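Reading through the structure tokens given below for one structure.
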Protein chains: 2
Amino acid sequence: MGRPRQPLLSRDRIVDAALALVDAEGLDVLSTRRLASELGVSGPALYNHFATKDEIVDAVVDTVLGEVDIAVFARVSADAARDAADDRSQDAAEATSWDEALRVWARSYRAVLGAHPNLVPALAPGPARRPNALRMADAVFGSLVRSGWPRAQATRVGVLMRYFVTGSALGSFAGGFPDDAALYAGEYPHLGQAHLLADAQREINENAFEAGLEALLHGLADRYARVRVG
Amino acid sequence: MGRPRQPLLSRDRIVDAALALVDAEGLDVLSTRRLASELGVSGPALYNHFATKDEIVDAVVDTVLGEVDIAVFARVSADAARDAADDRSQDAAEATSWDEALRVWARSYRAVLGAHPNLVPALAPGPARRPNALRMADAVFGSLVRSGWPRAQATRVGVLMRYFVTGSALGSFAGGFPDDAALYAGEYPHLGQAHLLADAQREINENAFEAGLEALLHGLADRYARVRVG
DNA sequence: ACCTGAACACCGTTCAAGT
DNA sequence: ACCTGAACACCGTTCAAGT
């Protein structure tokens with residue numbers, strides 16, 4: 001008891017343990033007491049490092065968001081922007097068009113969330129007070145503006161892309177259709193057998209994500225052609 | 001004590017009270033005990049009507065999903081489908097193109113979720129065992145197939161549209177950027193002042209949703225032109 | 001069948017006490 | 001400053017008992 005010579009905990013150690021616990025057993029089992037015991041410490045000890053449990057969850061989410069590839073946006077130059085419509089013209093390996101950058105980022109974003117499916121419901125509070133979420137928004141926005149998107153439009157594009165990716169994470173990883181054929185028998189005439197198997201479900205989600213991503217990027221490219229500046 | 005002559009509870013009464021409670025005070029205060037007390041009943045009484053609290057939440061979500069306008073899909077006929085590309089040609093008021101139907105539905109879907117923002121985090125489990133969620137998926141899918149979308153593609157379109165709408169609900173209603181200018185000062189160079197005010201935030205979300213919806217529908221119309229059958 | 005109160009095994013958080 | 005144990009006001013759920 002009493003204060004240890006060397007601190008037993010740190011914010012990082014707490015966040016790492018929390019993420020490991022959520023990945024292994026789900027968001028439901030993440031309690032301050034369980035987490036503390038996982039760290040070999042007493043429940044209230046956590047409150048020396050975080051004010052509330054919600055702050056811990058927020059930090060976990062932000063850590064995970066930090067894994068998303070946003071380096072790609074640094075490779076979007078004003079030069080690359082001019083070639084956005086035909087991406088064969090990238091002479092240097094570093095040059096990337098805004099839409100290709102969005103594609104790479106969106107896939108990375110989705111992959112990261114897919115690596116931590118149990119955490120997805122915790123995304124709900126939005127990018128609020130999470131540094132990496134803001135860093136991400138900033139990188140997206142900056143590259144779009146450099147590419148010639150008007151600022152107001154660039155804001156919208158960043159937000160709507162996030163809608164799609166987080167929505168796909170929510171819809172894909174946390175359930176989907178139940179693996180229970182009996183439930184469907186004759187009930188929903190248009191819902192085919194393909195919906196029933198979890199494996200097929202994985203593929204549907206993958207295909208839906210890719211199809212949506214391409215539709216979105218095509219639609220945005222059309223708009224870009226009409227509104228670009230610079 | 002003991003069994004009342006007339007049942008005090010019903011699934012509907014429980015669901016209604018739960019939704020009212022969530023709308024008024026948030027998802028966090030929805031506990032079986034609090035809900036029971038709201039209904040003038042003892043906590044365990046709920047278990048005569050629902051097996052778990054999660055089932056109650058699921059029923060609440062499904063009830064809300066039932067408010068989404070899917071009647072529009074009934075107005076999508078095979079005839080309307082042939083005019084999808086030019087929507088001025090709807091002679092009868094009942095005929096609607098698949099893309100216009102998706103637009104109406106997406107807006108309704110988002111509006112319904114917007115009317116119950118506190119419930120949005122509970123959407124995470126996906127369309128699992130929720131009749132109205134399945135009814136919705138079925139209506140979307142059916143209208144797309146009638147319009148000439150190949151079945152595999154129609155499945156994807158339904159799913160990806162749901163991604164976008166639920167993602168927008170998640171991102172819009174549950175937080176967004178904090179209303180705290182100090183947090184941003186000099187930290188994120190590209191994030192302008194426009195991000196800071198909650199009011200502007202509402203507008204950004206609205207605009208992002210509309211822009212994303214149009215981009216998506218345009219991109220899908222392009223694809224439709226290439227893959228349609230019938 | 002449908003409610004009650006008591007009970008079990010939990011929660012998040014506060015706080016005085018220890019070093 | 002950073003931990004502990006005790007305590008407070010809660011949880012979801014089970015179950016015997018009542019009618």
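A quick note: this is a predicted structure, and the numbers were derived from the prediction, not measured. Labels below follow one simple rule: chain letters A, B, ... track the order of the sequence lines, proteins then strands, and each chain is numbered from 1.
Nearest nucleotide to the B:L9 side chain, out of C:dC11, D:dC3, C:dC3: C:dC3. With distances taken from any side-chain atom of A:R3 to the nucleotides C:dC3, C:dT13, D:dA1, the minimum falls on D:dA1. Closest to the A:T52 side chain, of the nucleotides C:dT13, D:dT4, C:dC3, is C:dT13. Side-chain proximity of A:S42 to C:dC3, D:dG5, C:dG12: nearest is D:dG5. Each of D:dT19, C:dT4, D:dC3 was ranked by its minimum atom distance to the side chain of B:P44; first place goes to C:dT4.
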- Determine, stepwise, if the pair B:V60 / B:L30 fulfils side chain to side chain contact (heavy atoms under 4.5 Å, CB included). CA-CA 11 Å; B:V60 171; B:L30 181 65; 5.7 Å; no
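Put simply, CG on B:D28 is 10 Å from P on C:dT13, counting in whole angstrom units. In this structure, A:E55 places its CD atom 10 Å from P of C:dT13, rounding to the nearest Å. Computed from coordinates, the A:L46 CG to D:dC3 P distance equals 9 Å when rounded to whole Å. Between the P atom of C:dT4 and the OH atom of B:Y47 lies a distance of 14 Å, rounded to the nearest Å. At whole-Å resolution of the value, CZ in B:F50 and P in D:dT14 are 16 Å apart. As a whole-Å value, the separation of A:N48 CG from C:dT13 P is 14 Å. The CZ atom of B:R34 sits 18 Å away from the C1' atom of C:dG12 (whole-angstrom rounding). Rounded to an integer number of Å, the gap from A:R11 CZ to D:dA1 P is 16 Å.
Of the C1' atoms belonging to D:dC11 and C:dA7, the separation is 14 Å, rounded to the nearest Å.
Pairing partner, C:dG5: D:dC15, with both Watson-Crick or wobble hydrogen-bond distances short of 3.5 Å.
Ion pairing of A:E100 with A:R75 is absent here, as no side-chain N (NZ or NE/NH1/NH2) approaches a carboxylate O to less than 4.0 Å.
With no hydrogens or angles considered, a side-chain donor-acceptor pair links A:N132 and A:R135 at under 3.5 Å. No side-chain donor from either of A:Y109 and A:D69 sits under 3.5 Å from a side-chain acceptor of the other.
For B:L8 and A:R33, each mapped to the nucleotide of DNA chain C holding its nearest heavy atom, the one lying further toward the 5' end belongs to B:L8.
Nucleic acid contact for A:T32: base, since at least one base atom lies under 4.0 Å from a heavy atom of the residue. Across all strands, A:L30 comes closer than 4.0 Å only to sugar-phosphate atoms, never to a base (heavy-atom distances).
Using a 30° and 60° split on the angle between ring planes, B:F209 and B:F164 fall in the parallel class, below 30°.
At the phosphate of D:dC3, OP1 or OP2 sits under 4.0 Å from a side-chain N or O atom of A:H49.
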